[in-house]
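Below is one structure; the comments refer to it alone.
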Amino acid sequence: MLIGLIKEKVAIALKDLYGEDFDPKEFPVSPTKPEFTGNYTIVLFSLIKSLKTSPDKLGKELGEKLIQNNTQFFSEYNIIKGFLNLTIHSEYFISLLNTHFDDKFFGKTPMTSKRIMVEYSSPNTNKPLHLGHLRNNFLGWSISEILKANGYNVVKSCIVNDRGIHICKSMIAWMRFSNGATPESTGMKGDHFVGDFYVKFNDAYKAEVEELVGKGMEKGMAEKEAPIMKETQQMLLDWEKGDEKVLELWRRMNQWVYAGFDVTYKRIGSDFAKTYYESETYLLGKDTVEFGLSKNVFYKKDDGSVWIDLTADGLDEKLVLRKDGTSVYITQDIGLAQKKYDDFNIDQSIYVVGDEQNYHMKVLKLICKKIGLPYADGIHHLSYGMVELPTGKMKSREGTVVDADDLIDEMISIAKEHTLNLGKVNDFNPDELDELYDTIGIGALKFFLLRVDPKKKMIFNPEESIDFHGFTGPFIQYTHARIKSILRKNEIDKAELSMKTSFMPIEKELLILLEQYKHILQQAAQEMDPSCIGTYLFQLAQTFNSFYAAHSISNAESDEKKQLRLKISSLTSIVLSSGMQLLGIKVPEKM
RNA sequence: GGUCCCGUAGUUCAAUGGAUAGAAUAGAAGUUUCCUAAACUUUAGAUGUGAGUUCGAUUCUCGCCGGGACCA
């Protein structure tokens, strides 16, 4: 990659000139701004201190040396106010094109033996998926693919929260209000069906509390005494005792939910190599606590509860086992972390979890470290911000939650409307049309959620966020389709381009961008951030479109020019397609 | 009470301490005998506030104002 190469060559030149050793990683090398001549720029200020020279003098000496050492690589340089601008030799790009113009694996790294688990999605079985889950799913899937493209062996996993008091609420409500209705009998998607009973529970509970308060009971007391709540708590106890009737209903309702989730997962392309169920993992971790006690990492209070003191690390004292010996969330998480490691022999374990759990995840990693568990260092929280509406946070109580299925439907139907309005798809059959609407609608949604830095919270405006122009998925899809159309009509000559071939500025601009793809993939993996790929692809598509408008490819000035442009176009389409695939977005041949 | 995060054009997002703070969208003005106008070209518009560190601060430090999350 150019940036890395330049850094190495600079280090060698500096060693030649001044006899000093530099770490190439420290050089500030960045793409040259368009208003200056050159392709890559070195900021000289940071070097002049240790070399005790002036920027101008250093720039001149370094520039000369670089060209002298690498005549095939740098063609010229200039210095402006402490910035050394280097121009890369055209031949570098010609050989890049000659070897990679039709290379489908361009930029990717072959698989190595490093194993990583990415846990994402992690739904509750009493609520259908919503907008926030979509961000989680898109991120988790994408980061998995990005890691694969960088040579990692990735295991995608999911932990389903399928037990606890909230599940019992849906079950109680179903028993009370359903008259035996099922998803089949009502034609509803299973997750929505069960979710509705969860809502019904809350309505009924609220009514009962109000009634008790009306009779003069104090509110806090009424909340505990409401019959429906007491019934629910009893059910949780029965569940834990293994009451077969309760378990049977629990299994039945969960199956409805899973069937519903599967439909959504299929539409959005989420998949998992391993699904963990909390009902099977919630007892894990107690052994580890015993082990921690023996090593004095934990301590027991007089009432028998077990704690860890993290105040020295700026955190609190944290409960890990209740006085009755039952576990808390962190206990099972410690256990599950261990189990993942045992099950798959992973080097790293990534958790795609919302940033409201930053504290929890910090505690988890720290505890694992203190106990001396071997996998502790490999634990990484890929923390992402909430998706908010213009009116603020989504609140289920106020009915402002954006449902995932509804949103996907809407995106697809808008994609259909746009497509039909443009009237370019007359030669598509009905199946192809449906596939295209899916590709565009879901592509727009995924791109919208992935183009933002994961760490930051983002705002989704239902009216304005659904766009098919500008910095969007469809823009990139369109650019890809455009290129494919050209490639269908013109044949690429496999013969190598002559090293003498010259470029227009915009052609070189494209080649520089294409060359950066591998670097972008590495950056995305290192920072666990798909958005750098989104930004990059948009810039590439934008540059291609300017190029396309300015120069004819089919009717180029010469055959040599035509072949050059076709090969640039070919590699551009490969990068657009490959990059979008890493975001989970398909690119059409025609649209 | 404690810990942490965030404030950039009207709006949604960018910017490893580097050149004149980039895009998109909305606004204004253009481009179609020619490879897909979901495109292209031109134009106007922003770092919450006050200090400090530095050759240089959107970025680092501290105070204030405003918003959010978590812990007990």
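Hydrogens, waters and symmetry mates play no part in the numbers below; they use all other heavy atoms, side chains included. Order of the sequence lines sets the chain letters (A, B, ...), proteins ahead of strands, with each chain counted from 1.
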Exercise. If you check the A:Val452 side chain, which of B:rA14, B:rC40, B:rA19 turns out closest?
Worked result: B:rA14

Exercise. Contact class for A:Lys362 vs. all strands (heavy atom < 4.0 Å): base, sugar-phosphate, or nothing?
Worked result: nothing

Problem set entry | Base B:rA26 to side chain A:Asp467, donor-acceptor N/O within 3.5 Å cut-off | no

Exercise. Does A:Arg482 count as lying over the ring of A:Tyr548, i.e. NZ or CZ under 6.0 Å from the six-ring centre, within 45 degrees of the axis?
Worked result: yes

Exercise. For A:Phe471, which contact category applies under a 4.0 Å heavy-atom criterion: base, sugar-phosphate, or nothing?
Worked result: sugar-phosphate

For this session: Would you indicate what A:Pro28 reaches in the nucleic acid, counting non-hydrogen atoms under 4.0 angstrom: base, sugar-phosphate, or nothing?
Result: base

For this session: Find out whether A:Leu364 and A:Met361 are in side-chain contact, i.e. whether some heavy atom of one side chain is under 4.5 Å from a heavy atom of the other.
Result: yes

For this session: With pairs defined as Watson-Crick or G-U wobble and both distances under 3.5 angstrom, please note down RNA chain B as a dot-bracket string, | for pairing with another strand.
Result: (((((((..((((....[...)))).(((((.......)))))....(((((..]....)))))))))))).

Exercise. Got a salt bridge between A:Lys370 and A:Asp309, using NZ or NE/NH1/NH2 to carboxylate O under 4.0 Å?
Worked result: no

Exercise. Is A:Asn39 reaching over with its side chain to a backbone N or O of A:Ile512, donor-acceptor style, under 3.5 angstrom?
Worked result: no

For this session: Using distance alone, with no hydrogens and no angle criterion, decide if A:Thr479 and A:Asn545 have a side-chain donor and acceptor under 3.5 Å apart.
Result: yes

Exercise. Given B:rA24, is OP1 or OP2 found less than 4.0 Å from the side-chain N or O atoms of A:Gln542?
Worked result: yes

Exercise. Is there a donor-acceptor pair under 3.5 Å between the side chain of A:Arg267 and the backbone N or O of A:Ile442?
Worked result: no

Distances for protein N or O near nucleotides 28-35 of chain B N or O, under 3.5 Å:
from   : atom 1 : to       : atom 2 : distance (Å)
B:rC35 : O3'    : A:Lys489 : NZ     : 3.1
B:rC35 : O2     : A:Ile553 : N      : 3.2
B:rC35 : O2     : A:Ser554 : N      : 2.9
B:rC35 : O2     : A:Ser554 : OG     : 3.0
B:rC35 : N3     : A:Ile553 : N      : 3.0
B:rC35 : N4     : A:Tyr548 : O      : 2.4
B:rC35 : N4     : A:His551 : O      : 2.7

For this session: State whether A:Ser546 places a side-chain N or O below 4.0 Å from either non-bridging phosphate oxygen (OP1 or OP2) of B:rU41.
Result: yes

Exercise. Looking only at atom C1', what distance separates B:rG7 and B:rG48, rounded to whole Å?
Worked result: 6 Å

Exercise. Contact class for A:Glu589 (heavy atom, under 4.0 Å): base, sugar-phosphate, or nothing?
Worked result: base

Exercise. Within the structure shown, what part of the strands sits under 4.0 Å from A:Asn358 by heavy-atom distance: base, sugar-phosphate, or nothing?
Worked result: nothing

Exercise. Can you tell which of B:rU12, B:rU25, B:rA23 lies closest to the side chain of A:His469?
Worked result: B:rU25

For this session: Using a strict cut-off of less than 4.0 Å between a Lys/Arg side-chain nitrogen and an Asp/Glu carboxylate oxygen, indicate whether A:Lys561 and A:Glu507 qualify as a salt bridge.
Result: yes

Can you list, pair by pair, the side-chain donor-acceptor contacts under 3.5 Å of residues 571-591 of chain A, counting residues two or more places apart and other chains?
from     : atom 1 : to       : atom 2 : distance (Å)
A:Thr572 : OG1    : A:Ile568 : O      : 2.7
A:Ser573 : OG     : A:Ser570 : O      : 2.8
A:Ser578 : OG     : A:Tyr517 : OH     : 2.4
A:Gln581 : NE2    : A:Glu145 : OE1    : 3.4
A:Lys590 : NZ     : A:Asp427 : OD2    : 2.9

Problem set entry | Residue pairs passing the ring-ring contact (aromatic ring centres under 6.0 Å, His included) test where at least one lies in residues 406-432 of chain A, sequence neighbours excluded | A:His418-A:Phe468

For this session: Verify whether the ring centers belonging to A:Phe544 and A:Phe547 lie closer than 6.0 Å.
Result: yes

Exercise. Between A:Phe538 and A:Phe447, does the ring centre distance come in under 6.0 Å?
Worked result: no

Exercise. Which part of the nucleic acid, if any, lies within contact of A:Leu315, taking any heavy atom under 4.0 Å across all strands shown: a base, the sugar-phosphate backbone alone, or nothing?
Worked result: nothing

Exercise. Contact class for A:Thr419 (heavy atom, under 4.0 Å): base, sugar-phosphate, or nothing?
Worked result: base

Exercise. Contact class for A:Asp313 vs. all strands (heavy atom < 4.0 Å): base, sugar-phosphate, or nothing?
Worked result: nothing

Could you pull out the protein-nucleic contacts involving nucleotides 68-72 of chain B (nitrogen or oxygen on both sides, under 3.5 Å)?
from   : atom 1 : to       : atom 2 : distance (Å)
B:rC71 : O2'    : A:Asp316 : OD2    : 2.8

Exercise. Are A:Lys494 and A:Asp102 close enough for a salt bridge, meaning some N to O gap below 4.0 Å?
Worked result: yes

Exercise. Salt bridge or not for A:Arg565 and A:Glu557, using N-O below 4.0 Å?
Worked result: yes

Exercise. If we require ring centres under 5.5 Å and near-parallel planes under 30°, does A:Phe475 stack on B:rA39?
Worked result: no

Problem set entry | Verdict with supporting geometry, A:Ser121 and A:Asn137, side-chain hydrogen bond (donor to acceptor under 3.5 Å, both in side chains) | CA-CA 5 Å; A:Ser121 196; A:Asn137 275 272; 3.0 Å; yes

Problem set entry | RNA chain B contacts among residues 34-46 of chain A, heavy-atom distance under 4.0 Å | A:Phe36, A:Thr41, A:Val43, A:Phe45, A:Ser46

